[in-house]
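All residue numbers refer to positions in the sequence shown, counting from 1.
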Amino acid sequence: PRGRGGKGGALMARRLPLYRPGVPMARLSGTALYWIGFFLVCLGSLSAAILQRGILGLGAGTTLDQLAQAMKPGGDAMGWVTGAVLCALASAPAVPIYAKLLYEGFSRAAGHRRLLVRLALCALVSEIPYDLAMSGRFLDLQVQNPVWGLLLCAVTLEILQMWRFPSPVGNAVFRGLVSVAALLWALLLRIYMGGLLLALVLLFHFARSRKWVWMLGGSLITLLHFPAPLGMVFVHWYDGEREEEPGWLFYALYPLQLLVFGAAGMLLA
């Protein structure tokens, strides 16, 4: 379009640059993050329950000789082993995604009681399906499902929000003690990825107004569980818009997919 401007010359519409600093190239809503995280979690369940236990027959009692035989180049199981490894690696970016979703859900909730109750019920309901999918047993106390880690994160945030001290030094000491105690509980309870989830949620909480800090810190924290740092890319693309709470849908989908993959793995085994 042309218009009149200046000394009677034509004024051409300017083209905006494709990239502007501070504006993400892509944007993801909270609901989109939920679905991405759920898909990645399903890949982890597929790897553990169907590919590793069901098809390859790998489990807690697998010997080193059996594992070496399965991974022998050119063997019949080499393709299945490769698929199992790739699916397990692809599920790792779900950790920072769920840590971000938990923090956003907690910080924006009008009341935290409903969130805590839903997490507690989801963790309880998911325990047997999780053990079934991951170890082939109906009850395995060696490791607990990661929803317990999300519940521990929410309880920690609730404690940090409820008790505050007028002194900055006292506040800092209290927060440090609560954070260390929560990390110890995650280790003692043997929650899968519990320590990593808690570290990320605390990072989002303490550096909430400094995006570059929690982006860099989150990438460094998750390096030990590569390719988990790729999940920080999805977190970076989160648009931050407030949406309606997804309700019970995603709380129900998690134990359901564990039950389906676990049962299928038992049938294949």
Side-chain angles (χ1 to χ4, degrees), residues 34-35 37-54 58-62 84 87-88 90-103 105-106 112-159 181-201 225 228 245-269:
Y34 272 110
W35 283 113
F38 176 72
F39 173 73
L40 296 177
V41 164
C42 287
L43 289 180
S45 301
L46 171 68
S47 172
I50 294 183
L51 298 181
Q52 295 180 42
R53 289 196 308 99
L58 304 178
T62 303
C87 287
S91 67
V95 178
I97 291 177
Y98 277 101
K100 180 64 173 177
L101 289 173
L102 184 278
Y103 171 71
F106 183 89
H112 300 145
R113 181 178 178 181
R114 184 169 60 177
L115 175 64
L116 294 173
V117 169
R118 287 182 175 182
L119 286 172
L121 290 177
C122 182
L124 282 172
V125 172
S126 302
E127 190 58 38
I128 291 179
Y130 180 82
D131 294 339
L132 184 67
M134 298 302 156
S135 63
R137 304 171 184 171
F138 286 97
L139 187 60
D140 185 3
L141 299 179
Q142 293 183 0
V143 62
Q144 317 307 322
N145 74 79
V147 183
W148 291 111
L150 295 176
L151 177 61
L152 180 61
C153 292
V155 172
T156 304
L157 292 177
E158 180 72 9
I159 294 173
L183 286 171
L184 290 177
W185 272 110
L187 295 176
L188 289 173
L189 295 175
R190 298 181 178 181
I191 301 173
Y192 180 70
M193 292 291 182
L196 182 59
L197 281 170
L198 184 62
L200 287 170
V201 170
H225 299 277
E245 193 177 353
W248 286 98
L249 175 62
F250 291 100
Y251 294 95
L253 284 177
Y254 179 71
L256 180 61
Q257 60 89 22
L258 288 173
L259 188 61
V260 170
F261 284 118
M266 287 187 68
L267 291 175
L268 290 172

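- The heavy-atom pair separating Leu102 from Cys153 by the smallest distance is CD1-CB, 3.8 Å.
- Every side chain to side chain contact (heavy atoms under 4.5 Å, CB included) that Ala92 has, sequence neighbours left out, goes to Pro227, Ala228.
- A side chain to side chain donor-acceptor pair (under 3.5 Å) check over residues 259-269, counting only residues at least two apart or in different chains, returns nothing.
- For residues 256-269, every residue pair satisfying the side chain to side chain donor-acceptor pair (under 3.5 Å) rule, not counting sequence neighbours, is listed here: Ser45-Gln257.
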*When you look at Val95 and His225, which way does the side-chain contact (heavy atoms from CB on, under 4.5 Å) test go after all the steps?*
CA-CA 10 Å; Val95 178; His225 299 277; over 6 Å; no
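- In this structure, Lys100 NZ and Leu200 CG are separated by 11.0 Å, a value rounded to the nearest 0.5 Å.
- A donor-acceptor contact shorter than 3.5 Å is absent between the side chain of Tyr130 and the backbone of Ser135.
- With sequence neighbours left out, the side-chain hydrogen bond (donor to acceptor under 3.5 Å, both in side chains) criterion links Ser91 to no other residue.
- Scanning all heavy atoms of the two residues, the minimum distance from Val201 to Leu157 falls at CG1-CD1, 3.6 Å.
- Applying the ring-ring contact (aromatic ring centres under 6.0 Å, His included) rule to Tyr103 yields no partners; only residues at least two apart in sequence or on another chain are considered.
- Within the structure, every pair that satisfies the salt bridge (charged side-chain N to carboxylate O under 4.0 Å, His left out) test and touches residues 139-148, not counting sequence neighbours, is listed here: Arg137-Asp140.
- Here Ile191 contributes atom CD1 and Leu197 contributes atom CG; the two are 9.0 Å apart, rounded to the nearest 0.5 Å.
- Considering all non-hydrogen atoms of both residues, Pro129 and Leu259 come closest at CB-N, 3.9 Å.
- Residues Tyr34 and Ile97 are not in side-chain contact: their nearest non-hydrogen atoms beyond the backbone lie 4.5 Å or more apart.
- Nearest heavy atoms, Phe38 versus Tyr98: N-OH, 3.2 Å.
- Rounding to the nearest 0.5 Å gives a distance of 9.5 Å between CZ of Phe261 and CG of Leu51.
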*asked:* Assess the residue pair Ser126 and Trp148 against the criterion (side-chain contact (heavy atoms from CB on, under 4.5 Å)); give the C-alpha distance rounded to whole Å, side-chain angles, the decisive distance to 0.1 Å, and a yes or no.
replied: CA-CA 10 Å; Ser126 302; Trp148 291 111; over 6 Å; no
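- The CG atom of Leu183 sits 4.5 Å away from the CG atom of Leu198 when rounded to the nearest 0.5 Å.
- Of the possible donor and acceptor atoms, one in the side chain of Gln144 sits under 3.5 Å from a partner among the backbone N and O of Leu141.
- Using modelled atom types, no side-chain atom of Ser47 and backbone atom of Leu43 make a donor-acceptor pair closer than 3.5 Å.
- The side chain to side chain contact (heavy atoms under 4.5 Å, CB included) test applied to Leu116 returns Leu151, Ala154, Val155, not counting sequence neighbours.
- For residues 185-195, there are no side chain to side chain donor-acceptor pair (under 3.5 Å) pairs, not counting sequence neighbours.
- Taking the six-membered ring for Trp and thresholds of 30 and 60 degrees, Phe106 and His112 have nearly parallel ring planes, at less than 30 degrees apart.
- Residues Met134 and Leu258 approach most closely at CE-CD2, 4.2 Å, considering heavy atoms.
- For Leu188, there are no side chain to side chain contact (heavy atoms under 4.5 Å, CB included) partners at least two apart in sequence or on another chain.
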_Tyr254 and Val41: CA distance, side-chain angles, deciding distance, side-chain contact (heavy atoms from CB on, under 4.5 Å) verdict_ = CA-CA 8 Å; Tyr254 179 71; Val41 164; 3.6 Å; yes
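- Looking at residues two or more places apart in sequence or on another chain, you find a side chain to side chain contact (heavy atoms under 4.5 Å, CB included) between Phe138 and Ile128, Leu132.
- Here the closest heavy-atom approach between residue Gly262 and residue Arg53 is recorded as O-NH2, 3.8 Å.
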